[in-house]
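In the text below, chain A, chain B and the rest are named by the order of the sequence lines, each starting its count at 1.
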Amino acid sequence: MTTENSAAENAATPPTDDLPEQLRIRREKRERLLAQGTEAYPVGVPVTHAITEVRATYGHLEAGQETDDVVGVAGRVVFIRIGGKLCFVTLQDGEGNRLQGMLSLAALGEEALAAFKTDVDLGDHLFLHGRVGASRRGELSIFADEWRMAAKALRPLPVLHKDLSEEARVRQRYVDLIARPAARDMVRLRAGVVRSLRENFHRRSFLEVETPMLQTIASGASARPFSTHMNAYDLELFLRIAPEIFLKKAVVGGVEKVFEINRNFRNEGADSSHSPEFAMLEAYEAYGDYNTIGALTKDLVQTAAQDVLGTTLVTLPDGSEYELGGEWANLRMYDSLSESLGEEITSDTSVEELEKIAGRLDVEVGNKKILNHGKLVETLWEHRVGDHLSAPTFVRDFPVETSPLTRDHRSEKGQVEKWDLYIRGFELATGYSELVDPVVQRQRFEAQARMAAAGDDEAMLLDEDFLTAMEFAMPPSGGMGMGIDRLLMALTGQGIRETILFPLVKPQA
RNA sequence: GCGCCAUUAGCUCAAUUGGCAGAGCAGCUGACUCUUAAUCAGCGGGUUCUAGGUUCAAGUCCUAGAUGGCGCACCA
């Protein structure tokens, strides 16, 4: 260790006089352990069994039944009961599995029992050695003949019988994970979902790739990027807003079934369904289209639900249920909007007419300068139809202006072959028949550039190397993107910050 | 970005009209060999988010700021 590190450590440990009582007392206990020659943070403890192993092997013991089997177990102290000649302690593992220890004067001796009473607190990691048995009340227990501190906690645990405040949960997720079962479950559920997605793709012979996070042009979606600077090349770089451009380059190069699960960054608002960094799945399938990729997406979601929940019937926090299984509804954007308005809306409906309808319905349409047919249709559709969707629904065939990377519809003029998947009213995924004609793609980028010039700061940027790649010919393909965090939201009914282990929080003053 | 609400002990929360800052858990001391949110007796613990202001007196009222939640706008 360098002297600098030592200085930093000392600076991080303020004089004990200034600490709140409970922190000061725990530091004093640590000092006392050290003074007695006992380590507060030993390099290890002789664990022979995990808590789950003890439960699995001895769970059948009946009240009062004891064995001669000796084990060494460790866990975090989540309950402690100090008595005269008999003490109880409950150890918990990372998954929330618990096991009781009983520490008696007879088995431990006077000195060790007294030390346990004074030195062990809620929150400590504790090692117990002793015989396995069941208490008179039937609780599976270790009858300890030895205890050791495995790691001393210097801060008290929060009350375990009440949830932490929402702020404390995200600021100190490590405490939340100790205290709240739902927080522990989310971590494991998320890992299970990502695993299910990967295994599903592998079964289908998709290759997983990793494409750049740092990009010279942030393209592939309509969003404002984070920017940064690379010193070595003196270059302005952007954190990616989507992997789309690079994944399509991979398809051009012959990686014909490809997917990526990784982070996107968007420099926009944060709320219960938006995080500045979020996990995204994108997949491309050569010789597929938006129909085949829609079927794939449905299977990914339903299989993930089955794999992690054992059912496609999701139970939400308020106790209500939501069915992800079976067939999903299909709506066409123009048809469903027309039906809702009671008047025909087509790709020929003029901007003036759409503005009139928006005005009549009191729908805010945003910056007039950058309004076009597509934005108006989508805004109207969201208010009239999208906001009322609940059951899983594919919304199909979007206006061309807002989808610069999607191919023209095979039969509907002015529309593109794109769907959005709505689950519980929010957009979970999107899918395209990919635009692969490099000449049309260039025209689409030019139209985006005109929108940018008119003041649309989310218009998509032209990527010359992407167009060059397209000129080498990309096979006809279907592509999809799905928010992993949002999939977790759909499967649990929780907000996005609960699905992310360590969401971004503003520093406190 | 705009609006509304909140911020009090380690944690979760009270505090009437502006009038001595409280409870439960947690902590400390003592009792207890079957507790499991133990029980009993006693004791500590506060920059009431921050900075100003009004007032004899401010957790409470006013102004500004910080952080969080909700709604709206934007976005996925």
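- For U67(B), the OP1/OP2 oxygens have a side-chain nitrogen or oxygen of K506(A) closer than 4.0 Å.
- Nearest to the side-chain atoms of I25(A) among the listed nucleotides U12(B), U33(B), C28(B) stands C28(B).
- Between C4(B) and A9(B), the two P atoms lie 26 Å apart (nearest whole Å).
- For the residue pair T430(A) / W419(A), no side-chain donor-acceptor distance below 3.5 Å is found, with atom types taken as modelled.
- If you take atom C1' in U29(B) and the same atom in G65(B), they sit 45 Å apart, rounded to whole Å.
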**Request:** Starting at the 5' end of nucleotides 69-76 of chain B, put B wherever the base has a protein heavy atom under 4.0 Å, S where only the sugar-phosphate does, and a dash everywhere else.
**Result:** S---BBBB
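- Rounded to whole angstrom, the span from the CG atom of L105(A) across to the P atom of A31(B) amounts to 13 Å.
- In this structure, S141(A) reaches neither bases nor backbone, as no heavy-atom distance under 4.0 Å exists between it and the strands shown.
- Between K152(A) and D119(A) there is no salt bridge, since no side-chain N of the basic residue sits under 4.0 Å from a carboxylate O of the acidic one.
- Shown here are the ring pair (Phe, Tyr, Trp, His ring centres under 6.0 Å) partners of F201(A), two or more places apart in sequence or in another chain: F206(A), F259(A).
- Ion pairing of R173(A) with E498(A) is present here, as a side-chain N (NZ or NE/NH1/NH2) and a carboxylate O approach within less than 4.0 Å.
- Using C1' as the reference atom, G27(B) and C11(B) are 12 Å apart when rounded to the nearest Å.
- No salt bridge links D69(A) with R131(A); every basic N to acidic carboxylate O contact stays at or beyond 4.0 Å.
- Partners of D185(A) under the salt bridge (Lys or Arg N to Asp or Glu O under 4.0 Å) rule, at least two apart in sequence or in another chain, do not exist in this structure.
- A179(A) comes within 4.0 angstrom of nothing in the nucleic acid, heavy atoms only.
- Annotation: proximity of residues 94-103 of chain A to RNA chain B (heavy atom, distance under 4.0 Å) is found for Q100(A), M102(A), numbered in ascending order.
- As a whole-Å value, the separation of L122(A) CG from U36(B) P is 15 Å.
- For U12(B), one of the phosphate oxygens OP1 or OP2 lies less than 4.0 angstrom from a side-chain nitrogen or oxygen of S165(A).
- The aromatic rings of F116(A) and W147(A) sit perpendicular, their planes meeting at an angle over 60°, well past the 30° parallel limit.
- Comparing U36(B), G27(B), U12(B) by their closest approach to the side chain of D121(A) singles out G27(B).
- Here the side chains of E378(A) and K375(A) are not in contact, with every heavy-atom distance at 4.5 Å or above.
- With both ends at atom P, the span from U54(B) to A15(B) equals 29 Å, rounded to whole Å.
- Applying the side chain to side chain donor-acceptor pair (under 3.5 Å) rule to N267(A) yields no partners; only residues at least two apart in sequence or on another chain are considered.
- Comparing C49(B) with A58(B), their P atoms sit 15 Å apart, to the nearest whole Å.
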**Request:** Mind running salt bridge (charged side-chain N to carboxylate O under 4.0 Å, His left out) on E31(A) and K29(A) for me, showing each step along the way?
**Result:** CA-CA 5 Å; E31(A) 292 299 330; K29(A) 288 183 177 183; over 6 Å; no
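- Residue K29(A) is in sugar-phosphate contact alone, with no base atom involved, counting any heavy-atom pair closer than 4.0 Å across all strands shown.
- Side-chain atoms of L164(A) lie closest to C11(B) of the nucleotides C28(B), C11(B), U33(B).
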**Message:** Using a 4.0 Å heavy-atom cut-off to protein, can you give one letter per nucleotide of nucleotides 3-10 of chain B, 5' to 3': B if the base is in contact, S if only the sugar-phosphate is, - if neither?
**Reply:** -------B
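- Separation of the P atoms belonging to G3(B) and A64(B) is 11 Å when rounded to the nearest angstrom.
- Atom C1' of nucleotide C28(B) and atom CZ of R27(A) are separated by 18 Å, given to the nearest angstrom.
- In terms of the ring pair (Phe, Tyr, Trp, His ring centres under 6.0 Å) criterion, F398(A) has no residue partners (sequence neighbours excluded).
- For the C1' atoms, the distance linking A21(B) with U48(B) amounts to 8 Å, nearest Å.
- A straight line from CG of D176(A) to P of C11(B) spans 14 Å, rounded to a whole angstrom.
- Every residue was checked against the ring pair (Phe, Tyr, Trp, His ring centres under 6.0 Å) condition with F445(A), not counting sequence neighbours, and none meets it.
- Between the P atoms of C62(B) and G18(B), the separation comes to 11 Å (whole Å).
- Applying the 4.0 Å criterion to OP1 and OP2 of A23(B), one finds that K162(A) has every side-chain N and O outside that range.
- For the salt bridge (Lys or Arg N to Asp or Glu O under 4.0 Å) test with E277(A), the passing option among R240(A), R266(A), R263(A) is R263(A); the others fail.
- The aromatic rings of H129(A) and F127(A) sit tilted relative to each other, their planes meeting at an angle between 30° and 60°.
- For the strand RNA chain B, secondary-structure stems (runs of at least three Watson-Crick or G-U pairs, all distances below 3.5 Å) span B:1-7 with B:66-72, B:10-13 with B:22-25, B:27-31 with B:39-43, B:49-53 with B:61-65.
- Between E244(A) and K248(A) there is a salt bridge, since at least one side-chain N of the basic residue sits less than 4.0 Å from a carboxylate O of the acidic one.
- One interatomic measurement links the two molecules: CZ of R81(A) to P of C40(B), which rounds to 12 Å at whole-angstrom precision.
- Residues in residues 381-407 of chain A take part in these salt bridge (Lys or Arg N to Asp or Glu O under 4.0 Å) pairs, two or more places apart or across chains: R332(A)-D397(A).
- Of the charged side-chain nitrogens involved, none lies within less than 4.0 Å of a carboxylate oxygen, so that R486(A) and E427(A) do not count as a salt-bridged pair.
- In this structure, L19(A) places its CG atom 13 Å from P of U47(B), rounding to the nearest Å.
- To the nearest angstrom, P of U36(B) lies 12 Å from NE2 of H161(A).
- Within residues 82-93 of chain A, the residues approaching RNA chain B are I82(A), G83(A), G84(A), K85(A), L86(A), F88(A), by heavy-atom distance under 4.0 Å.
- Pairs engaging residues 86-112 of chain A under the salt bridge (Lys or Arg N to Asp or Glu O under 4.0 Å) rule: none recorded [sequence neighbours left out].
- The nearest whole Å value for the distance from the CZ atom in R155(A) to the P atom in C25(B) is 24 Å.
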